[in-house]
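As structure tokens, the structure follows; a few thoughts come after it.
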Amino acid sequence: METVSKVEQNFRLTRTHLCGTLVEANVNQEVVLAGWVDTRRDLGGIVFLELRDHKGQIQLVADPDKNPDVHRIFQQVRAEYVIAVKGIVSVRPDGSENTSLKSGAIEIYPSEVEILNESKVLPFPLDKVEEVNEDLRLRYRYLELRQEHKRKHLENRHKVVHAVRNYLSDEGFLEIETPILSKSTPEGARDYLVPSRVHPNNFYALPQSPQIYKQLLMMSGVNRYYQIARCFRDEDLRADRQPEFTQVDIEMSFINQEHVITVTEGLIKKAFAAVGVEVEIPFPRIEYDDAINRFGSDAPDLRFGMELIDFTEFMSKSEFQAFAGVANSGGLVKAINYKGGAKLSRKDFDDLKDFVTTKEMGAKGLAWIAFKDIGEGKFEISSPIAKFFTEEQMQELQAKAEIEPGDALLFVADKAKIVHYVLAKLRIFLAKKDGLIDPKDRKLVWVVNFPMFEYDERSNRYKANHHPFTLPHNQDVDKLETDPAAVKTYAYDIVFNGIELGGGSIRVHNKKVQEKIFKALNIDDETAQERFGFLLEALELGAPPHGGIALGLDRFIMLLSNTDSIRDVIAFPKNQSAFCQLTSAPSSVDQEQLDELYLSLVEPE
RNA sequence: GGAGGCGUAGCUCAGUUGGUUAGAGCACCUGUCUGUCACGCAGGGGGUCGAGGGUUCAAGUCCCUUCGUCUCCGCCA
């Protein structure tokens with residue numbers, strides 16, 4: 001074997017230009033290009049070959065009469081071969097331009113060609129990658145990413161992160177990394193655990209978020225912190241959920257809610273601008289209670305109307321026993337005015353009823369009143385329940401719902417939670433069905449004044465809505481003991497087109513308040529000490545007022561990129577069962593590794 | 001943990017009421033073709049019908065089990 005005695009690169013031709021950037025101005029220049037063979041068109045004599053790099057394509061031509069050596073190589077190369085060529089950029093002959101290609105007016109007759117690598121036939125065609133099974137695409141994610149429009153998402157992501165870093169740095173934030181090997185916290189999501197070799201039978205947990213660390217940084221006097229933070233949660237996945245995901249994590253000292261909101265609005269504006277989208281700030285705000293009452297959701301989609309109308313009181317006095325009963329026993333009766341819904345057939349209404357009464361939706365029924373347009377601004381009522389109402393009541397009902405000819409009212413009566421859940425889903429379903437949503441519309445809104453607790457019916461206790469370190473409104477602190485459900489907080493979510501982009505809060509920096517919250521949550525001193533002792537201790541050692549926010553970066557990019565899967569904006573995502581098709585992780589390990597960690601395995605049942 | 005969809009050639013899919021040798025398009029290979037650009041034309045190779053079991057004279061098709069994958073619920077900020 002020959003030894004290489006001097007430093008030399010393992011290929012001959014070093015590129016001078018990029019395929020996608022060559023234009024007519026480059027004509028007559030000698031260039032060296034390198035990339036992948038995109039397509040090859042062999043006409044018997046002349047051979048055309050499209051060379052592709054990360055910037056685009058350009059046509060290469062080999063003519064057997066002009067350069068038989070190059071022609072011979074062109075006959076031999078196949079799709080996805082990696083080659084380098086040297087040649088002079090020339091104008092294509094009249095009539096042979098390709099207007100659908102950026103470089104369609106020019107081409108290159110290479111004088112030299114170097115095959116840098118061969119390629120087997122790919123497992124799927126790159127030009128129709130959208131149609132290929134996702135598991136196969138993930139297994140060959142690097143091939144899928146050879147498509148420019150697939151890489152575009154990653155480029156968007158880079159641009160947004162770059163803009164975020166610049167903006168926050170300019171605003172005086174320090175980017176600080178926090179531990180990935182962290183402590184398990186039983187609250188919230190399931191932890192990913194990492195066994196310790198040095199501490200037998202003890203485990204680290206991967207952080208669900210850097211929440212506690214960032215608060216401790218405020219107590220360190222950092223003043224303003226941010227991190228593009230990887231977070232881990234061992235829960236079942238969805239199209240918009242991965243086991244590991246990224247948050248833009250922010251925390252600030254000596255601030256109130258307004259400061260956080262202002263900084264975040266500036267950040268979002270810059271992030272949008274980075275991908276060429278203008279948004280106006282400040283964003284509107286809606287109180288949590290209003291969001292629930294008007295839209296049935298704490299993440300309202302404001303791109304269309306169809307707000308919920310409360311008929312609880314109205315129905316409590318009506319003869320319609322089914323609704324009066326619900327209304328008089330603490331439930332709610334609400335409706336949406338479905339514009340144009342009066343033209344629905346009975347079958348259509350039945351279908352809507354089926355939609356809301358599935359097991360997962362949970363409604364018991366769907367009542368409707370159709371106001372059929374009969375011209376001249378008049379309507380005719382058609383409804384299975386109209387007979388229960390007097391003439392006056394019908395008038396009142398129409399006025400309340402601002403009925404116009406052609407409208408239909410859709411009612412749901414049940415416990416508040418179900419009514420809101422069902423009507424929120426129905427509202428979005430109808431808006432999508434009827435195309436009421438302008439896909440280019442972008443509606444950002446702050447949802448503020450979240451309640452401190454949510455009552456968990458299964459475990460029969462209060463749970464922290466946001467997390468237990470959220471600061472209650474001053475005037476509500478006493479209610480922590482007397483009326484926990486009424487306690488409102490300085491917690492806020494930013495919602496984009498009906499999807500929660502992020503959320504945060506002002507934190508408790510006073511130990512007495514913190515203890516009251518733990519008490520309301522039924523967490524005793526001992527448990528609190530065990531889980532958050534280091535934080536409680538820090539609260540007593542000069543903790544400044546502080547607060548922050550975390551924005552889900554992956555979802556943000558997903559929405560900006562107009563895709564509906566989070567996997568599209570992650571370079572190497574995992575599938576729905578948290579399995580990596582590319583590397584086959586997770587996988588079994590050697591007995592030796594287990595022994596070192598004092599682990600033994602149990603077969604699943 | 002639960003519900004639903006899908007699984008047939010390298011890729012995307014068709015395959016009727018269970019019935020002869022399982023097909024198409026693209027891709028691939030060979031030949032042909034000197035201005036194509038999804039080049040064209042002619043020919044060819046390629047199948048564990050996801051896996052296992054069952055019913056039947058006969059199963060891609062019916063039944064059971066199981067695996068993979070996607071969407072959703074539960075779960076998860």
Side-chain angles (χ1 to χ4, degrees), chain A residues 38-51 57-66 71 74-75 78-80 92-101 103-105 107 109 119-140 143-144 187-191 208-209 211 231-243 245 247 249 298-299 358-362 421 425 447 450 454 456 458 463-467 470 491-495 499-505 549-552 555 564-565 567 574-579 581:
Chain A
D38 200 56
T39 56
R40 182 172 149 275
R41 294 180 287 273
D42 185 344
L43 271 58
I46 199 162
V47 178
F48 296 100
L49 194 149
E50 255 166 56
L51 187 67
Q57 289 111 284
I58 187 160
Q59 176 165 279
L60 310 177
V61 197
D63 187 330
D65 302 334
K66 292 181 182 163
H71 181 257
F74 269 33
Q75 281 187 311
R78 293 292 179 268
E80 299 308 312
R92 289 199 192 183
D94 274 349
S96 67
E97 301 87 356
N98 182 355
T99 48
S100 60
L101 199 65
S103 61
E107 61 188 4
Y109 284 86
S119 172
K120 293 205 274 193
V121 176
L122 301 191
F124 52 80
L126 294 188
D127 55 341
K128 286 181 189 161
V129 78
E130 304 294 344
E131 297 167 23
V132 177
N133 268 333
E134 193 173 10
D135 53 337
L136 194 67
R137 287 184 355 231
L138 290 184
R139 180 156 158 224
Y140 297 99
L143 294 181
E144 180 181 28
E187 285 277 315
R190 206 172 288 124
D191 286 319
Q208 296 176 22
S209 79
Q211 182 62 36
C231 307
F232 306 86
R233 290 174 193 164
D234 186 5
E235 295 293 347
D236 287 349
L237 308 184
R238 291 285 189 282
D240 61 351
R241 273 193 236 155
Q242 281 275 298
F245 59 97
Q247 285 186 344
D249 197 41
D298 63 0
T358 57
K359 208 174 97 190
E360 58 190 56
M361 290 289 276
Y421 181 77
K425 292 269 188 200
V447 180
F450 272 74
E454 194 178 10
D456 182 37
R458 275 181 315 161
K463 287 171 81 170
N465 202 319
H466 189 61
H467 56 59
T470 305
Y492 32 82
D493 276 1
I494 179 72
V495 172
I499 294 167
E500 182 200 324
L501 258 192
S505 63
I549 192 165
L551 303 168
R555 261 184 219 181
D564 48 15
S565 169
R567 297 185 287 274
K574 296 187 173 50
N575 75 8
Q576 188 165 242
S577 50
F579 182 76
Q581 298 276 14

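Residue numbering restarts at 1 for every chain, and letters A, B, ... go by the order of the sequence lines.
Of the candidates B:U12, B:U71, B:C73, B:U71 carries the atom nearest the A:A239 side chain, counting heavy atoms from C-beta on. Listed nucleotides: B:C76, B:U34, B:U69. Nearest to the side chain of A:I46: B:U34. Distance from the side chain of A:K128 is smallest to B:A38 among B:A38, B:U36, B:C73. Minimum atom distance to the side chain of A:T39 is reached by B:C39, of the listed B:C39, B:C73, B:U12. Of the candidate nucleotides B:U36, B:C72, B:C29, B:C29 has the atom lying nearest to any side-chain atom of A:R78. When distances are taken from the side chain of A:E235 to each of B:U34, B:U12, B:C76, the shortest belongs to B:C76.
A:E235 and A:R190 are joined by a salt bridge, as a carboxylate oxygen and a charged side-chain nitrogen come within less than 4.0 angstrom of each other. Look at A:E454 and A:K463 and you find no salt bridge, because none of the NZ, NE, NH1 or NH2 atoms lies under 4.0 Å from a carboxylate O.
Comparing B:U66 with B:U20, their P atoms sit 32 Å apart, to the nearest whole Å. Comparing the P positions of B:C6 and B:G10 gives an interatomic distance of 22 Å, to the nearest angstrom. Taking the P atoms as reference points, B:G68 lies 35 Å from B:C29, given to the whole Å. Using atom P as the reference point in both B:G47 and B:A22, the two lie 12 Å apart (nearest Å). Here, B:A59 and B:C76 have their C1' atoms 44 Å apart, quoted to the whole Å. Separation of the C1' atoms belonging to B:G19 and B:G60 is 13 Å when rounded to the nearest angstrom. For the P atoms, the distance linking B:U56 with B:C49 amounts to 22 Å, nearest Å. Straight-line distance between the P atoms of B:A77 and B:U17: roughly 49 Å, to the nearest whole Å.
Rounded to a whole Å, the CD atom of A:E107 is 14 Å from the P atom of B:C37. The distance from atom CG of A:L237 to atom C1' of B:C76 is 10 Å, rounded to the nearest whole Å. In this structure, A:E454 places its CD atom 11 Å from C1' of B:A77, rounding to the nearest Å. The distance from atom CG of A:D236 to atom C1' of B:U69 is 15 Å, rounded to the nearest whole Å. Going from atom CZ of A:F450 over to atom C1' of B:A77 covers 10 Å, rounded to whole Å. Across the protein-nucleic acid pair, A:D234 atom CG and B:G1 atom P stand 12 Å apart, rounded to whole Å. Distance A:E134 CD to B:G5 C1': 15 Å, rounded to the nearest Å. Regarding A:F48, its CZ atom lies at a distance of 9 Å from the P atom of B:C37, rounded to whole Å.
Taking the salt bridge (Lys or Arg N to Asp or Glu O under 4.0 Å) definition, one finds that A:R555 meets it with A:D240, sequence neighbours left out.
Residue A:G552 is classed as having no contact, given no heavy-atom separation below 4.0 Å to the nucleic acid. Across all strands shown, A:R555 has no heavy atoms under 4.0 Å from either base or sugar-phosphate atoms. Nucleic acid contact for A:H466: base, since at least one base atom lies under 4.0 Å from a heavy atom of the residue. When heavy atoms are screened at a 4.0 angstrom cut-off, A:P93 is found touching base atoms of the nucleic acid.
In terms of polar N and O atoms assigned as donor or acceptor, the side chain of A:E97 never comes within less than 3.5 Å of the base of B:G35 in a complementary pairing. You'll find a donor-acceptor pair under 3.5 Å spanning the side chain of A:R241 and the base of B:C75, going by distance alone. Taking 3.5 Å as the limit, the base of B:C37 and the side chain of A:R92 contain a donor-acceptor pair of atoms between them. One cannot find a donor-acceptor pair under 3.5 Å joining the base of B:A77 and the side-chain atoms of A:D493. With hydrogens and angles ignored, a donor-acceptor pair under 3.5 angstrom links the side chain of A:R238 to the base of B:G74. Side chain A:N98 to base B:U36: no donor-acceptor pair is found below 3.5 Å.
Remark on RNA chain B: of its neighbouring residues A:D135 and A:L122, the 5'-side contact belongs to A:L122, judged by nearest-heavy-atom nucleotide. Nearer to the 5' terminus of RNA chain B, by closest-nucleotide assignment, is the contact made by A:Y109 (compared with the other of A:R190 and A:Y109).
Look at B:U21: it lacks any Watson-Crick or wobble partner with both distances under 3.5 angstrom. Across all strands shown, B:U71 forms a Watson-Crick or G-U wobble pair with B:A3, both key distances being under 3.5 Å. Shown here, B:C28 forms a base pair with B:G44; the pair counts as Watson-Crick or G-U wobble because both key distances fall under 3.5 Å.
A:Y492 places a side-chain N or O within donor-acceptor distance of the main-chain N or O of A:S505, the cut-off being under 3.5 Å. With hydrogens and angles ignored, the 3.5 Å screen pairs no side-chain donor or acceptor of A:E131 with any backbone N or O of A:V129.
Note on A:Q208: a side-chain N or O is less than 4.0 Å away from OP1 or OP2 of B:A77. The side chain of A:R137 contributes no N or O atom lying less than 4.0 Å from OP1 or OP2 of B:C70. The phosphate of B:U71 (OP1 or OP2) has a side-chain N or O of A:Q576 nearer than 4.0 angstrom. Of the side-chain N and O atoms in A:N575, one or more sit less than 4.0 angstrom from OP1 or OP2 of B:U69. A sub-4.0 Å separation between OP1 or OP2 of B:G35 and a side-chain N or O of A:Q59 is absent. A:R41 has no side-chain polar atom (N or O) that falls below the 4.0 Å cut-off from OP1 or OP2 of B:U36. At B:U69, one or more side-chain N or O atoms of A:S577 fall inside 4.0 Å of OP1 or OP2 (strictly under the cut-off).
Side-chain contact annotation: A:R567 with A:Q576, donor-acceptor N/O pair under 3.5 Å absent. Looking only at atom types and distance, the side chain of A:E134 has no donor-acceptor partner in the side chain of A:N575 under 3.5 Å away.
In A:D564, the CG atom is not crowded: 12 or fewer heavy atoms of neighbouring residues, nucleotides or ligands sit closer than 6.0 Å. Heavy atoms from other residues, nucleotides or ligands lying under 6.0 Å from CZ of A:R139 number 12 at most.
Under the stacking criterion of a centre-to-centre distance below 5.5 angstrom and an interplanar angle below 30°, A:F124 is not stacked against the six-membered ring of B:C11.
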